[in-house]
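Values below: all heavy atoms of this structure, side chains included; hydrogens, waters and symmetry mates excluded. It should be emphasised that the depicted structure is a prediction, and the values quoted were computed from it without experimental measurement.
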Amino acid sequence: MMMDDPFDLLRPTTVTVRVSAKVNLALGVGSLAPDSFHPLATVFEAIGIHDEVTVTRRDDKRITLTVSGEDADQVPTDETNLAWRAVEMVREEFALERGERDHGVDIHIDKSIPVAGGMAGGSADAAGALLAAAALCRLPDSPESLQPLAAQLGSDVPFCLMGGVALGRGRGDRLAPVICRGRHHWVIATSNQGLSTPAVYRRFDEMGGNPGGEAVPNDLISALTRGDLDAVAATMSNDLQAPAVDLRPELGEVLEVGKEAGALTALVSGSGPTCAFLVRDAAGAKKVSAAVSALPQVNRTRTARGPASGAQVLPGPVGSFA
C-alpha cells in the first residue's frame with residue numbers, strides 16, 4: 001500500500017463530468033469486413049445536449065450505478081452499462097498497478113441525451129465515467145491521455161472525450177480534429193420507439209451496402225473549414241439513413257416535414273431513430289421544432305448549438321479520502 005500522502009486532503013472524493021451528445025454530419029459506411037465490422041468515415045460534431053456523470057468514492061469495494069433524468073428507466077444500472085465498465089477499467093488498469101486500495105464507487109448519471117437515439121448517449125456517459133474515475137485515482141486525466149482506454153470501451157467513446165468536430169476513421173475511433181468556423185443551430189427530434197443499431201446495419205447489408213463508402217468526405221470538411229453553412233448542409237450525408245427509414249418508414253415523414261418547415265437539411269442521426277435538422281438560426285429552429293413536434297411519431301424536440309466541448313470536469317468541493 002502506498003504511504004500516506006499529505007496532499008490527500010486536497011483529493012476530491014466526488015468528481016462530476018459533463019459530456020455532450022453527438023451528431024454525424026457525415027457517416028460513410030463501407031462493406032462488411034472480414035472482422036465483421038464495417039469501415040467508417042464519419043464527421044462527428046458534439047452539440048449542446050448534456051449528461052452529467054458523478055463518481056463518488058466508497059469505503060468498500062462495491063460499484064453502484066443510479067440514473068435520473070429523461071428516459072432514466074431505460075438505462076441499465078449494472079455491469080452492462082458502459083459507464084460501469086469504464087470505472088472497472090480504471091480500477092484494473094491503474095489503481096492496482098499503483099498499489100492503491102481497491103476502492104469502490106457510486107456512479108450517478110443525470111440524463112438529458114436521448115437514450116438509444118443514435119446520439120452516443122451511452123458512449124458519452126462512458127467517457128464521463130472514465131474521466132471522473134481517472135481524476136479520483138490521481139491519474140493523468142486529460143481526454144487525450146485516456147483515448148486508448150476509451151477506444152476499448154466503444155467506437156464513439158474517444159470522440160465523446162474529445163468533442164468539437166472530428167473525422168473518425170476505422171470503426172470511428174481513429175480521430176483527427178476538423179477546423180469548424182462558425183456555430184451551428186440544431187433541432188433534434190426523438191422517436192417514440194427505439195431502433196436497433198445491429199438491425200440497421202443488417203438492413204444496410206441486405207440493401208447492397210456501399211462499397212468504398214468509407215471515403216473521406218473532403219467536400220464537407222472543406223465547407224466546415226470555410227464556415228460555409230449552405231455548403232455544409234449540401235454535403236451532409238448518412239449511409240445508414242436509407243436502411244433506418246426502410247425499417248421505420250415514419251422517419252421519412254419526420255425528415256420531410258422538417259425540411260418543408262425550413263431546415264437547411266435533415267438527417268437520421270447515426271443509426272437512428274433520432275432525426276437531426278440543421279437550421280440557419282434560432283428563429284428557424286423554433287419553426288422547425290414546432291412543425292415536427294406536432295407529428296405523432298415524435299416523442300419530443302430539443303434545440304441545441306454546436307460544436308460543443310468534449311468531456312469536462314465540473315468545479316466541485318475537495319476533501320480527503322477515507
Side-chain angles (χ1 to χ4, degrees), residues 17-29 37-38 40-53 67 69-72 74-76 80-86 109-132 143 146-147 149-175 177-178 184 186 188-191 194-198 200-201 236 238-241 244 267-276 278 302 304-312:
V17 175
R18 184 174 65 186
V19 289
S20 302
K22 64 86 179 167
V23 293
N24 297 85
L25 306 184
L27 180 53
V29 182
F37 285 89
H38 295 79
L40 305 177
T42 182
V43 177
F44 298 105
E45 179 174 338
I47 65 171
I49 299 175
H50 305 291
D51 285 358
E52 290 188 0
V53 182
V67 185
E70 296 179 7
D71 302 322
Q74 300 179 35
V75 180
T80 63
N81 190 299
L82 280 180
W84 183 304
R85 290 167 55 189
I109 302 172
D110 186 25
K111 293 293 299 177
S112 188
I113 302 173
V115 175
M119 301 189 74
S123 295
D125 296 339
L130 190 65
L131 184 57
L146 296 172
Q147 287 289 0
L149 286 182
Q152 295 179 46
L153 288 165
S155 57
D156 286 342
V157 181
F159 175 73
C160 293
L161 274 174
M162 179 180 183
V165 180
L167 170 67
R169 302 295 306 279
R171 298 180 186 178
D173 56 340
R174 299 193 339 246
L175 299 175
V178 172
H184 299 153
W186 294 95
I188 304 299
T190 58
S191 175
L195 187 56
S196 162
T197 296
V200 173
Y201 273 97
M236 287 171 55
N238 180 3
D239 284 350
L240 296 182
Q241 180 166 306
L267 289 177
V268 171
S269 179
S271 60
T274 298
C275 294
L278 180 64
R302 304 278 298 277
R305 296 185 69 182
S309 62
Q312 288 187 314

Item to check | Phe44 vs Val23, side chain to side chain contact (heavy atoms under 4.5 Å, CB included): CA-CA, chis, key distance, verdict | outcome: CA-CA 6 Å; Phe44 298 105; Val23 293; over 6 Å; no

Could you report the tightest heavy-atom contact between [X] and [Y], atom names first, then the distance?
X	Y	result
Phe159	Ala46	CZ-N, 3.5 Å
Ile188	Met119	CG2-SD, 3.5 Å
Val165	Pro307	CG2-CG, 3.5 Å
Ala244	Ser271	CB-O, 4.0 Å
Ser20	Ala308	OG-CB, 3.8 Å
Gly118	Asn24	O-OD1, 4.5 Å

Checklist entry - Side chains of Asp173 and Ser155: is there a donor and an acceptor less than 3.5 Å apart? => result no

Checklist entry - For His50, which residues count as a ring-ring contact (aromatic ring centres under 6.0 Å, His included) partner, sequence neighbours excluded? => result none

Checklist entry - Taking only residues two or more places apart in sequence or in another chain, which ones pass salt bridge (charged side-chain N to carboxylate O under 4.0 Å, His left out) with Asp71? => result Arg300

Please name all residues satisfying side-chain contact (heavy atoms from CB on, under 4.5 Å) with [X], sequence neighbours left out, ordered by chain then number.
X	value
Arg174	Arg169
Ala150	Leu130, Gln147, Val157, Pro158, Leu161
Pro76	Asp78, Thr80, Asn81

Interatomic spacing from [atom1] in [X] to [atom2] in [Y] - rounded to 0.5 Å:
X	Y	atom1	atom2	result
Leu267	Leu240	CG	CG	11.0 Å
Asp239	Leu27	CG	CG	6.5 Å
Leu25	Leu167	CG	CG	11.0 Å

Tell me every residue that passes side chain to side chain donor-acceptor pair (under 3.5 Å) with [X], counting only those two or more places apart in sequence or in another chain.
X	result
Ser123	none
Ser196	none
Arg18	Gln312
Glu45	His184, Trp186

Next on the checklist: Determine whether a donor-acceptor pair (N or O, by modelled atom type, separation under 3.5 Å) exists between the side chain of Ser191 and the backbone of Thr274.
Outcome noted: no

Item to check | Lys22 side chain vs Gly270 backbone, donor-acceptor pair below 3.5 Å | outcome: no

Checklist entry - Should Leu195 and Val200 be marked as a side chain to side chain contact (heavy atoms under 4.5 Å, CB included) after you check the CA-CA gap, both sets of side-chain angles, and the distance that decides it? => result CA-CA 8 Å; Leu195 187 56; Val200 173; 3.7 Å; yes

Next on the checklist: Please verify the inter-ring angle class for His38 with Tyr201; under 30° counts as parallel, over 60° as perpendicular, anything in between as tilted.
Outcome noted: tilted

Quiz: residues 109-117 side-chain donor-acceptor pairs under 3.5 angstrom, not counting sequence neighbours:
{"from": "Asp110", "atom 1": "OD1", "to": "Ser68", "atom 2": "OG", "distance (Å)": "3.0"}
{"from": "Lys111", "atom 1": "NZ", "to": "Asp51", "atom 2": "OD2", "distance (Å)": "2.5"}
{"from": "Lys111", "atom 1": "NZ", "to": "Asp125", "atom 2": "OD2", "distance (Å)": "3.1"}
{"from": "Ser112", "atom 1": "OG", "to": "Arg302", "atom 2": "NH1", "distance (Å)": "3.3"}
{"from": "Ser112", "atom 1": "OG", "to": "Arg302", "atom 2": "NH2", "distance (Å)": "2.8"}

Next on the checklist: Going by salt bridge (Lys or Arg N to Asp or Glu O under 4.0 Å), name the pairs with one or both residues in residues 152-168, residues two or more places apart or in two chains.
Outcome noted: none

